[in-house]
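In what follows, a single structure is set out as C-alpha cells and then discussed.
Being a predicted model, the structure only gives us computed values, none of them experimental.
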Amino acid sequence: MIMQDTLLQYIESGESEILEFKPSLSQKDKIMESISAFSNTKGGTILIGIQDNGMISGVDTGTRTLEDLANYVKRNTDPPIFPSIEQYQNQGKKVIAIAVSESDDKLVFFHDKAYKRVGRSNHRIAAHEIRSLAKQERKTLLWDEKVCDNATHDDIDWNYVNNTFIPLYERISQKKIVSSVLDFLTAMRTIRNGQILNAGILLFGINPLSFFPSAYIALARYKGIAVGGEKLDLKEFKGNLFEQIDACYSYLLQHTLLMSRLIPGNIQRTDIPEYGKFSLRELVTNAVCHRDYADQGGKIIIKIFNDRIEFSNIGGLMKGITPDNIEHNQYSRNPVITSVLSRVQYIEELGEGWDKIIEEHRTHPLKPAMPSINSTENSTMVTLYSTREQFLVENPLILSEREEKILEYIRVHRSISRTECMDLLAISKDTAIRDLNNLIENKLIKREGKGRSVRYVAN
C-alpha cells in the first residue's frame, strides 16, 4: 500500500501496468475490470478520485463507503478477492486506493469475464486463453491445493474451526476475525470457489481418513534396540492434522525420560530431557506437514527404541533438497498445510525448524549425536539419538529411594533431624544414621548444631 506522503509522487508517475486512475466510484464496472486484470497479472493499485490526466478531483465518501466497496468486490469476483482499501486526503480532497495482489488462483472473473493487464489498459482474456491457462493451472497445482473429490461443507468440522482453531489464530496473530468463517477458510486457501481443497479436509475435516485412509501416524515402542525386541506399545494417532500432532507429541513426552542430575554440593536437581523437546515436536510436525499424501500406500511411522527414535515418512526429500543442504534450503511439498500450520506456530514460519533442531542438539548438556537423515526416492527417515547412556556414564551417583525421600523432605521443610528421618522412613536409628552420612559424603547435605539439636540441611 502507498504511503500518504508519497501519494503525489505515485500520481505523478502516471498510469502504468500496475497503476490505474478512476475519477469516481460511479465507474464500478471499470474498477472491477481493473481488479480482475491486476489479479490475473502482476497486481497493482487503483486510485479513485483521479482524472486520466492525473488531476485530483476527489470522491465523496461516507462512514460505510470503504466497507461497502470491499463487500462489492468480494461479491462480484470469482474467486472472491479481498484487496486492501485505504482512504487518503490531499488538500481537502479524498482519494481511495485499492491495492490488488496477484492472485494465487487463476483466473479471477468479473461477471463471468476475466481480464489481464497489458501496459496501461485492461484486455478481456479470450476463451482459448482461458482454456490454456486452466490446463496449465491444473498441471501446476500441488496436491494439497487441489479440490478434494466428493467433499462438501458438511465434511468440515465447523465446531473445531470456530471453537479451537480461530481462537488460537486470534491469540497468536493478535487479530480479530471479522469475516465469515467461510471467507476466513477461503483466505487460508483451504477452500476455493466454495470447494473444499485436500488441505481443508486434512486440517479441518471431521473424518479425514474417510477420504485419505493412510493419513495418520502409527507409533510402535520396543524394548531394546531392534525391531525383533518385545513390542511394548502400538498406537495410532488419527483425526485432523492438529489433533495428530498434539496427541503424538504428548505421547512422546510421556514415554521418553526426563532425567535429573544431582550435582554434588547442590540439593536442587537439574532436569535433562532424554530428547530435545523442540526436536521431538518439530519432527512430528514435519512428518505431518511434508509427507506425500498423494501416495496413500503407506503412513507416517514412528519407532521408539531404547537408544533412538525413528521418524519414517512417505515421500523422499523434495527436488534440490539433500541431507547435506537441508539446514540451508527449504521447499514445501504441501504449501497450504505448511502455511496454515505456521500461522498458529505449529511449524517454523521461515523454514528454520531444522536449524533449531541442530542448535538444540549443540546446546544439550549431554551433547547427543546429531540427528541423521536417510532418504530414498519414495521415503525419508530421520533418527534422533537418546542421551540415556551418556547420562548414566556422566552421573554415576545413584541414590536409594530412602535417600531420595530425605532430600525431598529437606526441600520442603529446609531441614530434617535424625528422629524425623526415622519416623519419615519407618527405619531404625542405625539405618537413619547410615543414610544421612551417605548424603553428607556425597556433599548433598551437611550437619548443623550439636547434641540433640543436630539437624541436617542442604549443603
Take atom CD of Gln174 as the centre, draw a 6.0 Å sphere, and report whether it contains more than 12 heavy atoms from other residues, nucleotides or ligands.
-> no

What are the two closest heavy atoms between Lys299 and Ser214, and how far apart are they?
-> CB-O, 3.5 Å

Do Asp157 and Thr164 come within less than 4.5 Å of each other through their side chains, counting heavy atoms only?
-> no

Heavy-atom pair with the smallest gap, counting every atom of Ile31 and Ile46 | O-CD1, 3.7 Å

Evaluate the criterion salt bridge (Lys or Arg N to Asp or Glu O under 4.0 Å) for residue pair Glu408 and Arg411; output intermediate values, then yes/no.
-> CA-CA 5 Å; Glu408 182 62 30; Arg411 290 189 194 98; 3.0 Å; yes

What distance separates Ile410 CD1 from Cys421 SG, expressed to the nearest 0.5 Å?
-> 8.5 Å

Taking atom CG of Leu444 and atom CD of Glu403, what is their separation to the nearest 0.5 Å?
-> 8.5 Å

Chi angles and distances behind the side chain to side chain contact (heavy atoms under 4.5 Å, CB included) call for His290, Ile347 = CA-CA 11 Å; His290 298 306; Ile347 198 168; 4.2 Å; yes

How are the rings of His255 and Tyr251 set to each other: parallel, tilted or perpendicular (split at 30° and 60°)?
-> parallel

What's the verdict on ring-ring contact (aromatic ring centres under 6.0 Å, His included) for Phe110 and Tyr115, showing C-alpha distance, side-chain angles and the deciding distance?
-> CA-CA 8 Å; Phe110 165 61; Tyr115 297 83; 7.1 Å; no

Answer whether the closest heavy-atom distance between the side chains of Phe311 and Leu384 falls below 4.5 Å.
-> yes

Does Gln195 offer a backbone N or O that forms a donor-acceptor pair with the side chain of Asn193 under 3.5 Å?
-> no

Check whether any side-chain heavy atom of Ile196 lies under 4.5 Å from a side-chain heavy atom of Asp155, and answer yes or no.
-> no

Without swapping roles, check the side chain of Asp292 against the backbone of Ile314 for a donor-acceptor pair under 3.5 Å.
-> no

Compare all side-chain heavy atoms of Arg418 with those of Val454 and state whether any distance is below 4.5 angstrom.
-> no

Looking only at non-hydrogen atoms, find the nearest pair between Ile85 and Leu66 and report the distance.
-> CG2-CD2, 3.8 Å

Are Val108 and Pro79 side-chain neighbours, meaning at least one heavy-atom pair lies under 4.5 Å?
-> yes

Nearest heavy-atom neighbours spanning Leu182 and Ile191 = CD1-CD1, 3.6 Å

For the pair Ser415 and Arg455, evaluate side chain to side chain donor-acceptor pair (under 3.5 Å) and give the outcome as yes or no after the intermediate values.
-> CA-CA 6 Å; Ser415 67; Arg455 297 192 69 81; 2.8 Å; yes

Would you confirm whether Glu170, through its side chain, and Ile177, through its main-chain N or O, come within 3.5 Å as a donor-acceptor pair?
-> yes

Would you mind reporting whether Glu243 and Lys238 have side-chain heavy atoms less than 4.5 Å apart?
-> no

For Gly353 and Glu282, work out which heavy atoms get closest and say how close.
-> CA-OE2, 3.2 Å

Parallel, tilted or perpendicular for Phe242 and Phe165, by the 30°/60° rule?
-> tilted

Report the relative orientation of the aromatic rings in Trp143 and Tyr293; use parallel for angles under 30°, tilted for 30 to 60°, perpendicular for over 60°.
-> parallel

Less than 4.5 Å apart, any side-chain heavy atom of Phe184 and any of Ser179?
-> yes

Is there a donor-acceptor contact under 3.5 Å from the side chain of Asp144 to the main chain of Val336?
-> yes

Assess whether side chain to side chain contact (heavy atoms under 4.5 Å, CB included) is satisfied between Leu141 and Arg192, documenting all intermediate values.
-> CA-CA 13 Å; Leu141 281 176; Arg192 184 172 61 242; 3.6 Å; yes

For the pair His364 (side chain) and Leu366 (backbone), establish whether a donor and an acceptor sit closer than 3.5 Å, ignoring hydrogens and angles.
-> yes

Between Glu360 (side chain) and Phe278 (backbone), is there a donor-acceptor pair under 3.5 Å?
-> yes

Hey, are Tyr249 and Thr285 close enough side-chain-wise for a donor-acceptor pair under 3.5 Å?
-> no

What's the spacing between Lys235 NZ and Tyr216 OH if we round to 0.5 Å?
-> 14.0 Å

Taken to the nearest 0.5 Å, the spacing of Tyr456 OH from Ile440 CD1 works out to 5.5 Å

Can you tell me if Thr190 uses its side chain to pair, donor with acceptor, with the backbone of Ala199 under 3.5 Å?
-> no

If only atom types and distance count, is the side chain of Lys223 paired as donor or acceptor with the main-chain N or O of Lys231 below 3.5 Å?
-> no

Side chain to side chain contact (heavy atoms under 4.5 Å, CB included) evaluation trace for Ile445 with Ile416 = CA-CA 10 Å; Ile445 66 173; Ile416 193 171; 6.0 Å; no

Rounded distance (nearest 0.5 Å) linking atom OG1 of Thr431 with atom CZ of Arg402 | 6.0 Å

Picking from Glu33, Glu129, Glu17, Glu102, what satisfies salt bridge (Lys or Arg N to Asp or Glu O under 4.0 Å) with Lys116?
-> Glu129

Interatomic spacing from OH in Tyr222 to CG in Asp307 - rounded to 0.5 Å = 13.5 Å

Determine whether more than 12 heavy atoms belonging to other residues, nucleotides or ligands lie under 6.0 Å from atom NZ of Lys429.
-> no

In this structure, which one of Leu283, Thr383, Ile357 forms a side chain to side chain contact (heavy atoms under 4.5 Å, CB included) with Pro371?
-> Ile357

In terms of heavy-atom contacts, Thr387 and Glu274 come closest through OG1-O, 2.9 Å

Go through the steps to decide whether His361 and Ile358 satisfy the test side chain to side chain contact (heavy atoms under 4.5 Å, CB included), and finish with yes or no.
-> CA-CA 5 Å; His361 279 68; Ile358 297 302; 5.8 Å; no

Cation-pi check, Arg281 onto Tyr346 ring (under 6.0 Å, within 45° of axis) | yes

For Ser342 and Ser339, indicate whether the former's side chain and the latter's backbone hold a donor-acceptor pair under 3.5 Å.
-> yes

Hey, is CD1 on Ile225 packed in by over 12 heavy atoms from elsewhere, all under 6.0 Å?
-> no

Do Phe237 and Ile245 come within less than 4.5 Å of each other through their side chains, counting heavy atoms only?
-> no

Where the side chain of Asn334 meets the backbone of Cys289, is there a donor-acceptor pair that is under 3.5 Å apart?
-> yes

